[in-house]
There are 2 protein chains.
Amino acid sequence: MTNCKRKRVSFHLPKRRSINPIEVSPNGVNPSTSVGTHTDFPNGIIHMDFPEISHLQPVFTQQEQFQQTRASCALPATDNWPGQYGFSVSFGPQEKPTKSTAWTYSEVKDKLYVNMGTACPVRFHTTHPTQRGTILRCMAVFTKPEYVTEVVKRCLNHSSPGDMTNENHPAPEHLIRCDSPQSHYLIDFNTGRHSVTVPFENPQAGMFYTTYLYKFMCLGSCVGGLNRRPIKIIFTLENEHGLCVGRRSLEVRICACPGRDRRIEEKHFEQQRDHSHKVLGKLLNVQLQRYVMN
Amino acid sequence: MTNCKRKRVSFHLPKRRSINPIEVSPNGVNPSTSVGTHTDFPNGIIHMDFPEISHLQPVFTQQEQFQQTRASCALPATDNWPGQYGFSVSFGPQEKPTKSTAWTYSEVKDKLYVNMGTACPVRFHTTHPTQRGTILRCMAVFTKPEYVTEVVKRCLNHSSPGDMTNENHPAPEHLIRCDSPQSHYLIDFNTGRHSVTVPFENPQAGMFYTTYLYKFMCLGSCVGGLNRRPIKIIFTLENEHGLCVGRRSLEVRICACPGRDRRIEEKHFEQQRDHSHKVLGKLLNVQLQRYVMN
DNA sequence: CAGGCATGCCTG
DNA sequence: CAGGCATGCCTG
Ligand SMILES: [Zn+2]
Ligand SMILES: [Zn+2]
């Protein structure tokens with residue numbers, strides 16, 4: 001069991017509007033020194049999405065987070081863990097999954113197939129009410145071990161200021177957006193990883209879940225971005241101290257034809273399973289025969 | 001017949017090195033006013049590829065160019081015209097055209113199929129020696145009329161400073177590069193169009209052509225760049241006054257499998273031709289029968 | 001290096 | 001909206 005500390009200083013907008021995170025190094029370098037430039041993140045360099053908003057009141061929010069499942073901060077935990085609030089995720093009954101339906105969730109694969117830029121409704125269940133100040137974070141990681149340390153970002157094409165999707169948006173480089181006026185875009189100071197948070201609202205009276213809308217802003221095939229590398233998204237419920245109190249991750253494929261691709265992958269999955277069964281069956285048979293003969 | 005005037009002021013490097021063009025508006029706006037910014041071209045805005053080299057001696061080179069084939073400067077002429085020097089283009093015998101050969105030229109299609117970033121040898125023939133100060137320009141245009149007015153550029157991914165191909169290169173946004181230390185990258189002040197020029201060297205004694213190496217720095221499929229839109233390249237021979245004295249254009253497809261794609265397109269072409277022949281044949285037959293019957 | 005898959009997108 | 005092409009790239 002290891003500790004994973006994160007310190008963070010954020011500037012918050014006084015009003016509830018789309019909020020712009022500014023990450024500042026702990027030694028207090030003045031963000032205005034890098035106004036107008038866009039610096040790539042790694043190692044103590046200030047990252048600013050919106051230099052224009054440096055008039056914001058600085059609010060010091062220190063978060064210390066203890067994660068119990070990974071040795072390194074750079075590798076976010078992906079294990080599902082309902083925790084004390086019974087946190088889980090579901091997807092509503094989607095429209096009939098045509099070839100190019102905007103999104104579709106596969107139970108067998110536990111995988112979401114979704115168009116780029118589509119607002120996809122995700123249901124967050126809790127069995128016990130969370131405390132005030134609880135937030136819901138969403139972060140993407142590459143699934144394959146060879147890429148898991150690389151930060152997931154949008155491709156250059158889609159993150160460029162000229163791209164229509166970036167008009168009036170505080171986080172053009174973030175793959176995942178949450179369609180809420182209270183959403184908060186962060187770049188972790190230590191790991192450089194992107195995430196988006198919203199205040200978690202407990203399910204309304206008589207409801208078992210609260211729905212939030214998420215958008216995925218690149219295709220899985222985007223050159224120089226995801227580049228055909230599968231990703232997972234990790235939803236974490238975090239209390240006011242930044243402690244993780246629940247987690248749910250699932251694979252996501254952002255593509256032009258979610259329906260088609262789901263069908264294909266489910267077929268592959270079945271064939272693979274059938275094949276394993278056959279192999280396993282043969283092995284058992286051999287063992288059995290040996291046993292009988294001896 | 002219309003005149004198409006172009007005035008241009010360029011800064012030239014004193015030494016023969018890769019040369020950086022700086023386009024200045026005729027009213028003499030100081031380029032240093034835009035140092036450090038990269039402004040998109042259109043309409044009187046200064047474009048600079050390399051603000052760092054503003055210490056260059058300014059050399060005033062006024063070029064007035066009369067083109068006789070197009071009404072608008074924005075639509076470059078593409079007609080082949082050997083002119084008084086007997087200007088033409090050819091390709092040497094390439095390596096056996098395997099599926100993924102680096103480049104291959106189709107005679108039937110008069111089209112070059114080439115890998116991205118490959119130095120492709122192009123032979124420039126002249127039957128009569130050109131004068132001192134003659135240059136060879138290469139420019140790309142979209143083939144289809146609906147895109148012909150759009151300037152051909154590299155995609156954002158490939159033109160970004162982080163792309164390896166742009167290390168130490170003066171013109172990251174230019175699709176076409178000429179592998180010569182004397183090459184010159186220009187952005188036309190009026191049209192915004194990119195081109196690369198080299199001093200034209202007459203064929204060596206006993207030779208009929210001079211070879212230059214050209215590279216194409218994006219795929220035809222690059223999203224936000226060529227975006228699967230076919231292009232032509234136009235080679236123009238220009239005298240010291242900027243007058244066009246010869247022209248040759250051909251289609252180019254920049255792709256991952258030049259051999260395969262050439263084969264496919266030639267097959268299509270044949271089928272199409274056969275089909276037209278058949279249709280034409282039938283028509284003739286009908287006409288003939290009518291003639292005989294009357 | 002060829003076969004063929006993967007995946008965005010065009011066409012009917 | 002499904003069929004199927006186009007085209008980069010992976011695999012043997
Ligand atoms: Zn993208
Ligand atoms: Zn490109």
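Just so you know, these numbers come straight off a predicted model, no measurement behind them.
Look at CD1 on Ile254(B): it is 14 Å from P on dC9(D), rounded to the nearest Å. With rounding to whole Å, Phe216(A) atom CZ is found 19 Å from dG8(C) atom C1'. Atom C1' of nucleotide dG3(D) and atom CD1 of Ile264(A) are separated by 12 Å, given to the nearest angstrom. Atom pair Arg229(A):CZ and dC9(D):P shows a separation of 13 Å (rounding to whole Å applied). What separates CE of Met116(A) from P of dG8(C) is a distance of 11 Å, to the nearest Å. If you measure from atom CG of Leu219(A) to atom C1' of dG8(D), you get 15 Å, rounded to the nearest angstrom. Atom pair His268(B):NE2 and dG4(D):P shows a separation of 15 Å (rounding to whole Å applied). We find that CG of Asp261(A) is positioned 13 Å from P of dA2(D), with the value rounded to whole Å.
Checked by distance alone, Arg260(B) brings a side-chain donor or acceptor within 3.5 Å of a matching partner on the base of dG8(D).
With hydrogens and angles disregarded, no donor-acceptor distance shorter than 3.5 Å links the side chain of Asn157(B) to the backbone of Gly224(A).
Taking the six-membered ring where the residue is Trp, the centroids of Phe235(B) and Tyr214(B) are separated by under 6.0 Å. For Tyr113(B) and Tyr105(B), the distance between ring centers is not under 6.0 angstrom.
OP1 or OP2 of dT7(C) lies within a sub-4.0 Å distance of a side-chain N or O belonging to Arg253(A). A close approach under 4.0 Å does not occur between any side-chain nitrogen or oxygen of Ser221(A) and OP1 or OP2 of dT7(C).
The residues Arg248(B) and Asp110(B) are annotated as salt-bridged, a charged nitrogen and a carboxylate oxygen being separated by less than 4.0 angstrom.
With distances taken from any side-chain atom of Arg228(A) to the nucleotides dC9(D), dC9(C), dA6(D), the minimum falls on dC9(D).
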